[in-house]
Amino acid sequence: MASWDVIVIGSGAGGAPVAERLAAAGMNVLVLERGKRFTKAQFEDRDEIEWCRRDRFVPSILTDPHTRRADEAAKAMPTTDGWISSILGGGTIHMSGFFLRARPEDTKLGSRLKEQGTTGHSAVDWAVPFDDIARYYPTVEDEMGVSGIAGGKLAPLAEHPMANRAEATAKKLGLPIERTPRAILTAARPDDDRAACAYRLVCASYGCPNDARGSMLVTYLRRGEKSGKVTVWTEALVTKLEKAGPDRVSGVRVKRLDNGGVEETVTAGVVVLACGAIESARLLLLSGEGFNPGGNVGKNLWFSLYVDVNAWFPKATMPEVMTGSPFIHRSLMVGGALKADEQKTLGLDRAGMLDLLWQHDNPIHRAERLAIEGGGTLWGRALKERIKQHFTEGRSMLCEGFGESIPHAGAYVDLDPATKDQHGLPVARLTYAHHPRDRKVAEHLAKTGLAILKDMGGQNAFVRVGIGETLILQGGTTRFGDEAKDSVTSPAGLVHGLKNLYVTDGGVLPSSMTAPGTLTIVANALRVAAGIVKQAGAARP
Amino acid sequence: MSAFDRRSLLLGGATLLGGGALLSSCPKDPEPGAPATKDAGGGDDGDGDGQMSLDDVMPTLVAVCERLVPSDDLGPGVKEAGIDTYLRKALADPRMKAIKSMTQRGAVWVARAAKKEHGKWFVELDDAAKDALITRLVKGEVKPKGFTPLAFVRVLLALSLEAFLGDPRHGGNKDQVGWKFVGGITWSGRQG
Ligand SMILES: Cc1cc2nc3c(=O)[nH]c(=O)nc-3n(C[C@H](O)[C@H](O)[C@H](O)COP(=O)(O)OP(=O)(O)OC[C@H]3O[C@@H](n4cnc5c(N)ncnc54)[C@H](O)[C@@H]3O)c2cc1C
Ligand code: SF4
């Protein structure tokens, strides 16, 4: 039975940074990751069928589903919803890397809703002061390599000429606009063995063959492994957390999927849970008594609110759309602020942000969308005609909205009593419905998105997703708070009642913020890691 | 796919396909009214009243796909792309188990419906008659047991587009006919 100073479960945005920091402080760290390790050479590949259409990044619905239902009366159906990624590096491997900072107001959702008289929610203010997390932003941006920050070290990525049009539109409509920061290198970092971005035809949803995108694999994990103090076991599925006494964990049960599924116990002085908001909640619930002290594990689930507006930009009138950088890189209304009159008519204090990007260039995806857009089914010669025209005569632009979604009693994760995974373990069941306030936010984002695309010269603008959820931006299920009665973890990251079990993934963040929040997950993970190091130092004689 | 969406429309994008049976639909919950399937290797995917193997139904599946993305005055279709090879490979993938049994059920129904109506198998019909039958499936004017007609067509449409525009390594998009049709871009790796 092997023993380590620290076990980190999950190698994504919440886990890898902790592993690196604790190793740097001299601890022996074991990272347990259920997914496989992929190489740079494998990330050269752009096989849409394999990577994007056959569950390469996430476990198969046939063997490891989640289930999902809209409310308690509905039957929960198998789905891949709720998986972010299952690969060494987690969701950061194929993310887009839009890396925006949260705003102080994002962390005050509880009191803001109270002020507005909004009811029927379980939102709270964050028990960790915003500044305690925000002070790690510059470190993360530097260590991962975020380009395009105003006044930042890295030059921005090359931009498509449509960025100028977006600027003009924003000015006309009176909307704040800024460059979207991206966790993508614009200059090589030889020390980290990372090259600069090569502006490929398709980027997000695939691994980066240049190591330009700041995944965990090429940043914190690479540095950690290089130090010799981080050991990584891939295809190592943790099935249970084990207790040493009433207030301590002793280690974990791990199934070595690369070794015929052999199970073993691994022990450690400290265990850090970072499986993503849904799987970490599931693992706590699977581990039995003592791992759900206040009964709040899995509750208060949020998915970032999502809206998607599209328009067509024909080359006949805008020849520039066909060439240039793949990135437009403009975000509007970052921070979610609303004008005073909008606040009044909408009955909202803030909404969310919008960003502009070209439709993903995956060809099957594009063609498929043309076949079913608008609810019909186009086929035969008519479909071919449409495909040819759309691929050669112009381009579709997306205006995506991200907004706060409000935690409430109808949004949670628990164990499905009826469905088990291939290992015989109950799967995570998602029960998810939007809070009524979400609709107001979504409507405003969609309306504004339409106005932006139309003003930019887009044709046939339409709302593709009026209200949805970004399933890979998830949290709340192990939220931090001062007391077990309405939270799962302490501000220090410890599961209430336990002295050596920390949680550091997106699950600890109590609300969804007005922008994608992975930068905040990493910053918070570094904050917790610093606390663990301090604690260990204090304990040493 | 948005910047944040890893899924294809047909891989569980329920909103986009009206919740029909998608490329990853779960075998535990086949279409309402479907007979239970026992298959592992494809031998026993029958529709309840006839044991039809993939070989038996392949000509019908191919014929439907060749109407969904036809060869015409605009250029080549899935026929030139190698739909036959593509479907055989794609449906042999264990991850496509549920899709396979659904397409088999659908193909049997389509073949029989043609025989009943025209006295000929589907593959023997002229293009207009084939299209008329597909139109009725799309519009839901027929009520077959064991599969949802629109879902059947959409799944074959998805597979046809994969055969037309996917990486040639999977057996379709022969000589990159599909990529040439949409402007001559090579989408597989190493262009960055
Ligand atoms: C296509 C895509 C695009 C994205 N784009 C952006 C973006 O532009 N901006 C942004 O801010 N965010 C983006 N994200 C979201 C981002 O990836 C997540 O917010 C982030 O990865 C979450 O970090 P996490 O640590 O909570 O979980 P993850 O990064 O998912 O890490 C969890 C890890 O734990 C492992 N694991 C789970 N259970 C177990 C177990 N029992 N035993 C062992 N290991 C286990 C998983 O395999 C996984 O590797 C994107 C995600 C995707 C998929
Ligand atoms: S476009 Fe740049 S960041 Fe994206 S995969 Fe290519 S090299 Fe990596």
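Computation of the quantities below employed the complete heavy-atom set of this structure, encompassing side-chain atoms and omitting hydrogens, waters and symmetry-equivalent molecules. First the proteins, then the strands, lettered A, B, ... as listed; each starts at 1.
Around the NZ atom of A:Lys315, the shell of radius 6.0 Å holds more than 12 heavy atoms that belong to other residues, nucleotides or ligands. More than 12 heavy atoms of other residues, nucleotides or ligands sit less than 6.0 Å from atom NZ of B:Lys130. Other residues, nucleotides and ligands contribute over 12 non-hydrogen atoms within 6.0 Å of the NZ atom of B:Lys115.
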Practice problem: Begin with the C-alpha distance, continue with both residues' side-chain angles, and end with the deciding distance and a verdict on side chain to side chain contact (heavy atoms under 4.5 Å, CB included) for A:Asp47 and B:His170. | Solution: CA-CA 9 Å; A:Asp47 176 356; B:His170 296 287; 2.6 Å; yes
Exercise. Could you go through the side chain to side chain contact (heavy atoms under 4.5 Å, CB included) check for B:Asp167 and A:Glu48 one step at a time?
Key: CA-CA 7 Å; B:Asp167 193 300; A:Glu48 181 183 0; over 6 Å; no
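The structure places CD of A:Glu50 at 7.5 Å from CG of B:Asp93, a figure rounded to the nearest 0.5 Å. Going from atom CZ of B:Arg154 over to atom OG1 of A:Thr377 covers 3.5 Å, rounded to the nearest 0.5 Å. Atoms CZ and CD1, from B:Phe164 and A:Ile364 in turn, are 11.5 Å apart once rounded to the nearest 0.5 Å.
Judged purely by atom type and a 3.5 angstrom limit, A:Lys388 uses its side chain to pair as donor or acceptor with the backbone of B:Phe181. For the pair B:Arg67 (side chain) and A:Gly380 (backbone), a donor-acceptor distance under 3.5 Å is absent.
Ion pair B:Arg169/A:Asp45 flagged as a salt bridge, since at least one NZ, NE, NH1 or NH2 atom sits closer than 4.0 Å to an Asp/Glu carboxylate oxygen.
Proximity to chain B (any heavy atom under 4.5 Å) is shown, for A:Glu385, by both the backbone and the side chain. With a threshold of 4.5 angstrom between heavy atoms, B:Pro76 approaches chain A through N, CA, C or O but not through any side-chain atom. In this structure, the portions of B:Asp131 lying under 4.5 Å from any heavy atom of chain A include both its backbone and its side chain. For chain A, the nearby parts of B:Thr135 are the backbone and the side chain; heavy atoms of each come within less than 4.5 Å.
Screening B:Leu161, B:Leu157, B:Leu165 for a side-chain contact (heavy atoms from CB on, under 4.5 Å) involving A:Glu368 leaves a single residue, B:Leu161.
Ranked by heavy-atom pairs under 4.5 Å with chain A, the list B:Leu74, B:Val138, B:Asp73 is led by B:Leu74. When B:Val153, B:Val69, B:Val182 are compared by the number of non-hydrogen pairs under 4.5 Å with chain A, B:Val182 comes out ahead. Heavy-atom pairs under 4.5 Å with chain B peak, among A:Gly375, A:Ala367, A:Pro209, A:Gly91, at A:Ala367.
Between A:Lys384 and B:Ser71 the shortest heavy-atom distance is NZ-CA, 4.2 Å.
Every residue was checked against the ring-ring contact (aromatic ring centres under 6.0 Å, His included) condition with B:Tyr86, not counting sequence neighbours, and none meets it.
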